[in-house]
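Being a predicted model, the structure only gives us computed values, none of them experimental. In what follows, chains carry the letters A, B, and so on, assigned in the order in which the sequence lines appear, proteins first and then strands, with residues in each chain numbered from 1.
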Amino acid sequence: MSKKQKTFRPKARLPRGLHDEKAFEVVAQRQMLEQIRQVYELYGFEPLETSALEYADVLGKFLPDQDRPNEGVFSFQDDDDQWLSLRYDLTAPLARYVAQNYDGLAKPFRRYQVGPVWRNEKPGPGRYRQFIQFDADTVAAPGMSADAELCAMLSDAMEALGIPRGSYEVRVNNRKILDGVFEQIGIALDDPDTNNQRLTALRAIDKLDRLGVNGVRALLGKGRKDESGDFTKGAELSEDQIEKVMSFVSVTAEARLDVCNALDDIVAGNETGKSGVTELREIDALLTAGGYGSDQIRFDPSIVRGLEYYTGPVYEVELTFETTDEGGEVSRFGSVGSGGRYDGLVERFKGVRIPATGCSIGVSRLFAALQALGKVDDQALRGPVVVLVMDQARVSEYQKMVQELRQAGIRSELYLGGSGMKAQMKYADKRQAPIVVIEGEDELANDTVTLKDLALGAKLSGEISDNKEWRESQATQVSVPRSDLVSRAQSMLDDDEVGE
RNA sequence: GCCGUCGUAGCUCAGUCGGUUAGAGCGCUAGAUUGUGGAUCUAGAGGUCCCCUGUUCAAUUCAGGGCGACGGUACCA
């Protein structure tokens with residue numbers, strides 16, 4: 001066909017599961033992160049930033065190998081052949097940092113960290129291959145007060161973000177209780193023969209909210225076939241074993257102490273389980289003393305977390321309100337944060353058991369939820385004051401105006417394009433500029449400038465339908481002495497803010 | 001990974017039972033408007049109909065494969 005030589009043009013595209021953040025999202029999310037940060041700092045956590053890359057073996061169980069070089073993590077080989085990986089969470093790097101700097105740290109060591117993490121897996125609704133986590137951890141604090149305050153802090157963070165009480169819940173459980181139940185039914189923690197069964201059971205319970213009691217029962221037993229026809233192998237527990245697990249998981253009560261009392265019966269005679277309930281009681285006492293009621297923080301035995309490494313309290317922050325999307329589909333946001341105690345994590349490096357407990361907020365999902373709740377300030381992105389270029393010969397004068405505005409702390413810019421006035425106005429509109437500064441022939445002759453309030457104009461435009469009236473409406477602009485440029489612009493901006 | 005739906009303009013989507021110039025709305029550009037965004041009217045630009053292979057005189061349309069998006073499920077440190 002065509003004999004034209006083809007120039008290679010890469011297709012402008014982004015790898016799947018990643019996305020660009022536009023100015024509006026960046027600004028709004030920054031506000032949100034700042035609110036969380038203030039809560040974390042108020043609790044005394046100090047910031048730490050570790051690098052995005054770590055040696056693969058530092059990150060843990062997924063070591064790249066021939067068969068599955070990138071299972072779950074993004075990895076590549078350095079020029080000395082060592083495997084590097086992008087971090088997939090902020091906890092593993094923390095463990096590395098603590099192990100590496102242990103002697104110099106004030107202990108307990110309490111740090112927060114926010115940043116992107118990467119996971120090389122199939123993206124889904126609300127799931128990306130790069131997303132932001134906001135973590136706080138306390139290392140080398142064995143007592144329950146460290147755990148209790150993280151639950152309290154998550155609660156505080158939700159409320160700081162404007163999520164009303166009753167629209168979120170921190171749900172707390174203790175892994176030791178489940179461990180006790182597992183002991184009772186003969187699949188104890190230290191038994192390598194039942195390791196897979198135990199993990200499968202763990203994941204099954206974790207799905208209770210989504211699959212319901214029957215779904216979980218199926219997964220604890222033979223397995224489950226879902227609507228799409230996919231079969232999931234179960235934990236192969238016996239009826240009696242399933243019964244025991246379900247009786248534990250099904251415990252519900254409003255008051256935290258009622259939950260504890262009910263759990264006492266279930267773990268009767270098992271030391272591991274009993275110590276778990278005791279820890280819950282300690283947490284309850286601490287939370288109650290702090291004024292946190294069960295409308296904020298509840299005990300919920302169905303919260304187990306799918307991960308193996310938790311050794312004590314585990315918890316999730318759940319958003320409980322529902323939203324209706326464009327298609328009329330009702331959806332719940334579910335978990336936006338989680339945490340727990342993992343006394344074994346630093347042990348990998350030091351060989352010494354160092355207690356640690358921490359929590360993590362899934363920022364991207366939480367952000368989406370806040371948008372649905374209308375808690376995201378859509379005024380967040382406001383453009384600069386734009387000084388129009390009416391006459392190229394006078395650019396230096398316009399630049400001087402910009403300079404004055406900037407010196408007064410007013411975000412402003414000279415129009416830097418090459419188009420005419422109309423296009424400049426469009427530009428200013430698109431940038432969501434609050435004000436446009438115009439100095440044309442008329443103004444120059446009178447030593448004035450015209451300030452046009454774009455935001456006000458937009459508001460008024462809805463009420464005008466007649467073309468003539470439209471053209472003539474000049475209520476949104478004022479002519480002021482050149483020397484008053486800064487002060488009048490400032491008061492216009494102030495009015496806008498009040499007017500919102 | 002498995003199952004399913006889908007891929008046409010910048011966006012949302014129509015359409016072609018295989019046949020000449022593939023459409024709409026929104027957006028974009030320009031004009032109506034002697035210096036003015038956002039309302040209104042008019043005009044214009046913009047398409048490898050996802051890619052490859054096959055069937056056919058002829059493929060955007062049919063078939064196979066690939067890639068991608070979406071949804072469910074599994075995994076999720």
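Among the nucleotides B:rC28, B:rG37, B:rG35, the one closest to the side chain of A:K426 is B:rG37. Checked against B:rG35, B:rA74, B:rC76, the side chain of A:M421 finds its nearest nucleotide in B:rG35. Closest contact between the side chain of A:I438 and the listed nucleotides B:rG1, B:rC76, B:rG35 involves B:rG35.
With both pairing distances under 3.5 Å, B:rU34 is matched to nothing as a Watson-Crick or G-U wobble pair. Of all nucleotides present, only B:rC28 satisfies the Watson-Crick or G-U wobble test against B:rG44, with each distance under 3.5 Å. With a 3.5 Å ceiling on both atom-pair distances, B:rA59 lacks any Watson-Crick or G-U wobble partner. The partner of B:rC6 is B:rG68, by the rule that a Watson-Crick or G-U pair needs both atom distances under 3.5 Å. The partner of B:rU16 cannot be assigned: no Watson-Crick or G-U wobble pair with both contacts below 3.5 Å exists in any strand. Pair assignment for B:rA39 gives none, since no Watson-Crick or G-U wobble pairing has each distance under 3.5 Å. When both distances must be under 3.5 Å, the Watson-Crick or G-U wobble mate of B:rC49 does not exist.
Remark: the separation of the P atoms in B:rU60 and B:rU8 is 15 Å, to the nearest Å. Rounded to whole Å, the separation between the C1' atoms of B:rA32 and B:rC17 comes to 46 Å. Comparing the C1' positions of B:rG68 and B:rA58 gives a spacing of 29 Å, expressed to the nearest Å. Of the P atoms belonging to B:rA74 and B:rU61, the separation is 37 Å, rounded to the nearest Å. As rounded to the nearest Å, B:rC49 and B:rC41 have P atoms that lie 33 Å from one another. Atom name C1', nucleotides B:rC13 and B:rU21: the rounded distance is 22 Å, in whole Å. Separating the P atom of B:rG37 from that of B:rU29 is a span of 13 Å, rounded to the nearest Å. Nucleotides B:rG7 and B:rC50, compared at atom P, are 8 Å apart to the nearest Å.
Atom-to-atom, NZ of A:K233 to C1' of B:rC2 comes out at 17 Å; the value is rounded to the nearest Å. Atom CZ of A:R305 and atom P of B:rC76 are 11 Å apart (whole Å). Taking atom CG of A:L199 as the reference point, atom P of B:rC75 lies 11 Å away to the nearest angstrom. For the pair A:M425 CE and B:rA39 P, the interatomic distance rounds to 13 Å; values are reported in whole Å. The CG atom of A:D20 sits 18 Å away from the P atom of B:rG10 (whole-angstrom rounding). One can place NZ of A:K452 at 7 Å from C1' of B:rG37, the figure rounded to the nearest angstrom. Atom OH of A:Y309 is separated from atom C1' of B:rC76 by 11 Å (rounded to the nearest Å). Here the P atom of nucleotide B:rG35 and the CG atom of A:L451 are 21 Å apart, to the nearest Å.
In this model, the phosphate group of B:rC76 is approached by a side-chain N or O of A:R203 to a distance below 4.0 Å at OP1 or OP2. Close to B:rA32, at under 4.0 Å from its OP1 or OP2, lies no side-chain N or O of A:K422. Of the side-chain N and O atoms in A:R210, one or more sit less than 4.0 angstrom from OP1 or OP2 of B:rA74. For B:rU73, neither phosphate oxygen OP1 nor OP2 lies less than 4.0 angstrom from any side-chain nitrogen or oxygen of A:K122.
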TODO: Just do the side chain to side chain donor-acceptor pair (under 3.5 Å) check on A:T450 and A:Q477 with the steps written out, would you?
DONE: CA-CA 7 Å; A:T450 295; A:Q477 62 187 58; 4.9 Å; no
Open item on the list: Before you tell me yes or no, could you show the steps for A:Y427 and A:R431 under side chain to side chain donor-acceptor pair (under 3.5 Å), namely the whole-Å CA-CA distance, both residues' side-chain angles and the distance that decides it to 0.1 Å?
Closed with: CA-CA 6 Å; A:Y427 166 80; A:R431 288 293 309 277; 2.8 Å; yes
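Using a 4.5 Å cut-off on side-chain heavy atoms (C-beta onward), A:L178 and A:I205 make contact.
A donor-acceptor contact under 3.5 Å is formed by the side chain of A:E443 with the base of B:rG35. For B:rU73, the base has no donor-acceptor partner in the side chain of A:K207 [N/O atoms by modelled type, under 3.5 angstrom]. No hydrogens or angles were tested; on distance alone, a donor-acceptor pair under 3.5 Å links the side chain of A:Q477 to the base of B:rU36.
Mapping A:L211 and A:D453 onto RNA chain B by nearest heavy atom places A:D453 at the nucleotide closer to the 5' end. Where A:E439 and A:K430 meet RNA chain B, the nucleotide closest to each residue was compared, and A:K430 sits on the side nearer the 5' end.
A centroid separation of 6.0 Å or more is found between the aromatic rings of A:F349 and A:Y102.
Not a single donor-acceptor pair under 3.5 Å links the side chain of A:D191 to the backbone N or O of A:I187.
Side-chain polar atoms of A:R217 and A:N214 form no donor-acceptor pair below 3.5 angstrom.
Among all heavy-atom pairs drawn from A:L202 and A:R175, the shortest one is CD2-NH2, 2.6 Å. A:E279 approaches A:G312 most closely through the heavy-atom pair OE1-CA, 4.3 Å.
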